[in-house]
Amino acid sequence: MTERAMDWQELTNLTRGRPFVVERVRLAGGVAIEGQFEPPQLGQLSLEDQVFVTAFVRCHGSIKEMERIFGVSYPTIKSRLNRISQLLDFVETDPAPSRADVIDRLRRGEIDAQQALQELEGHA
């Protein structure tokens with residue numbers, strides 16, 4: 001008898017929003033990895049918030065479409081998006097240049113000493 005795989009929604013329901021740690025992952029080929037792994041951020045959201053985010057992605061971020069789907073107003077959708085965004089850590093998409101990059105740009109004359117100092121101070 002084979003066990004049916006549990007999806008994130010079932011896991012979210014079982015944990016009732018309490019924090020949890022995944023301790024074992026089995027790959028499709030049978031290899032198991034043990035340790036302490038945090039579930040993905042979206043998997044840590046409540047089931048309702050997971051459904052909301054999925055709907056938002058499916059309607060390509062259209063707040064008008066979200067209003068229609070959920071039958072609520074623009075401010076309600078924005079408020080919920082703001083609340084969910086506070087729960088998620090965002091990946092820095094414009095990281096500060098490394099010290100070596102700043103110095104190289106200074107050597108090439110692309111920036112002056114003042115600009116280089118300002119960028120380097122941002123690293124402190």
Side-chain angles (χ1 to χ4, degrees):
M1 178 164 126
T2 61
E3 292 183 31
R4 183 180 65 82
M6 182 185 303
D7 68 17
W8 282 109
Q9 289 178 346
E10 289 175 289
L11 185 58
T12 300
N13 284 337
L14 287 171
T15 60
R16 295 185 178 142
R18 293 185 310 260
F20 63 91
V21 175
V22 175
E23 292 185 342
R24 184 177 180 143
V25 175
R26 183 181 307 275
L27 302 178
V31 174
I33 304 167
E34 293 190 18
Q36 289 197 352
F37 311 98
E38 273 193 34
Q41 287 187 51
L42 294 175
Q44 294 178 41
L45 294 175
S46 71
L47 179 57
E48 294 79 19
D49 285 347
Q50 289 178 32
V51 169
F52 186 85
V53 170
T54 301
F56 189 71
V57 171
R58 282 201 168 166
C59 69
H60 305 281
S62 168
I63 292 180
K64 279 200 176 298
E65 184 67 12
M66 292 292 285
E67 290 176 276
R68 188 190 67 72
I69 291 169
F70 289 96
V72 296
S73 68
Y74 177 92
T76 302
I77 297 295
K78 287 295 287 184
S79 175
R80 187 144 184 206
L81 286 170
N82 288 335
R83 183 183 57 74
I84 292 171
S85 74
Q86 296 300 311
L87 301 172
L88 302 173
D89 294 327
F90 290 96
V91 175
E92 180 61 53
T93 57
D94 190 19
S98 70
R99 292 180 188 278
D101 289 339
V102 173
I103 292 169
D104 286 344
R105 289 176 40 228
L106 177 62
R107 284 185 183 137
R108 290 191 303 264
E110 295 173 8
I111 58 175
D112 63 27
Q114 186 63 34
Q115 290 170 311
L117 284 174
Q118 288 173 345
E119 289 188 28
L120 290 172
E121 287 172 355
H123 278 277

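Below, each value reflects all heavy atoms present in this structure, side chains not excepted, and no hydrogens, waters or symmetry copies.
- Taken to the nearest 0.5 Å, the OG1 atom of Thr76 stands 11.5 Å off from the CD1 atom of Ile63.
- Within the model, atoms NZ of Lys64 and CZ of Arg68 stand 12.5 Å from one another, a figure rounded to the nearest 0.5 Å.
- In terms of heavy-atom proximity, Arg80 sits nearest to Asp49 at NH2-OD1, 3.1 Å.
- In Glu38, the CD atom is not crowded: 12 or fewer heavy atoms of neighbouring residues, nucleotides or ligands sit closer than 6.0 Å.
- Ser79 places no side-chain N or O within 3.5 Å of a backbone atom of Pro75 that could act as its donor or acceptor partner.
- Judged by distance alone, the side chain of Gln115 and the main-chain N or O of Asp112 form a donor-acceptor pair under 3.5 Å.
- Remark: Glu67 CD to Ile77 CD1 distance equals 6.5 Å, nearest 0.5 Å.
- By the criterion of side-chain heavy atoms lying less than 4.5 angstrom apart, applied directly or through intervening Ile, Leu, Val, Met, Phe, Trp or Tyr residues, Val72 is grouped together with Met66 in one hydrophobic cluster.
- No chain of hydrophobic side-chain contacts below 4.5 Å, direct or via other Ile, Leu, Val, Met, Phe, Trp or Tyr residues, connects Val21 to Leu42.
- Residues Val51 and Leu14 fall into different hydrophobic clusters, defined by Ile, Leu, Val, Met, Phe, Trp and Tyr side chains chained together at heavy-atom separations under 4.5 Å.
- Atom CZ of Arg108 sits in a crowded spot, with more than 12 heavy atoms from other residues, nucleotides or ligands closer than 6.0 Å.
- One hydrophobic cluster holds both Val22 and Ile33 under the rule that ILVMFWY side chains link at heavy-atom gaps under 4.5 Å.
- Atom CD of residue Gln50 and atom CD of residue Gln44 lie 10.0 Å apart, to the nearest 0.5 angstrom.
- Crowding of Arg58 atom CZ: a count of heavy atoms from other residues, nucleotides or ligands under 6.0 Å not exceeding 12.
- Within the model, atoms CD of Glu34 and CZ of Arg26 stand 9.0 Å from one another, a figure rounded to the nearest 0.5 Å.
- Residue Ile84 forms a side-chain contact (heavy atoms from CB on, under 4.5 Å) with just one option from Leu88, Leu81, Asn82, and that option is Leu88.
- In this structure, the side chain of Gln41 engages the main chain of Asp89 through a donor-acceptor pair within 3.5 Å.
- Contact between Ala116 and Leu106 at its shortest, heavy atoms only, is CB-CD2, 4.1 Å.
- For the atom pair Asp104 CG and Ser98 OG, the distance stands at 7.5 Å (nearest 0.5 Å).
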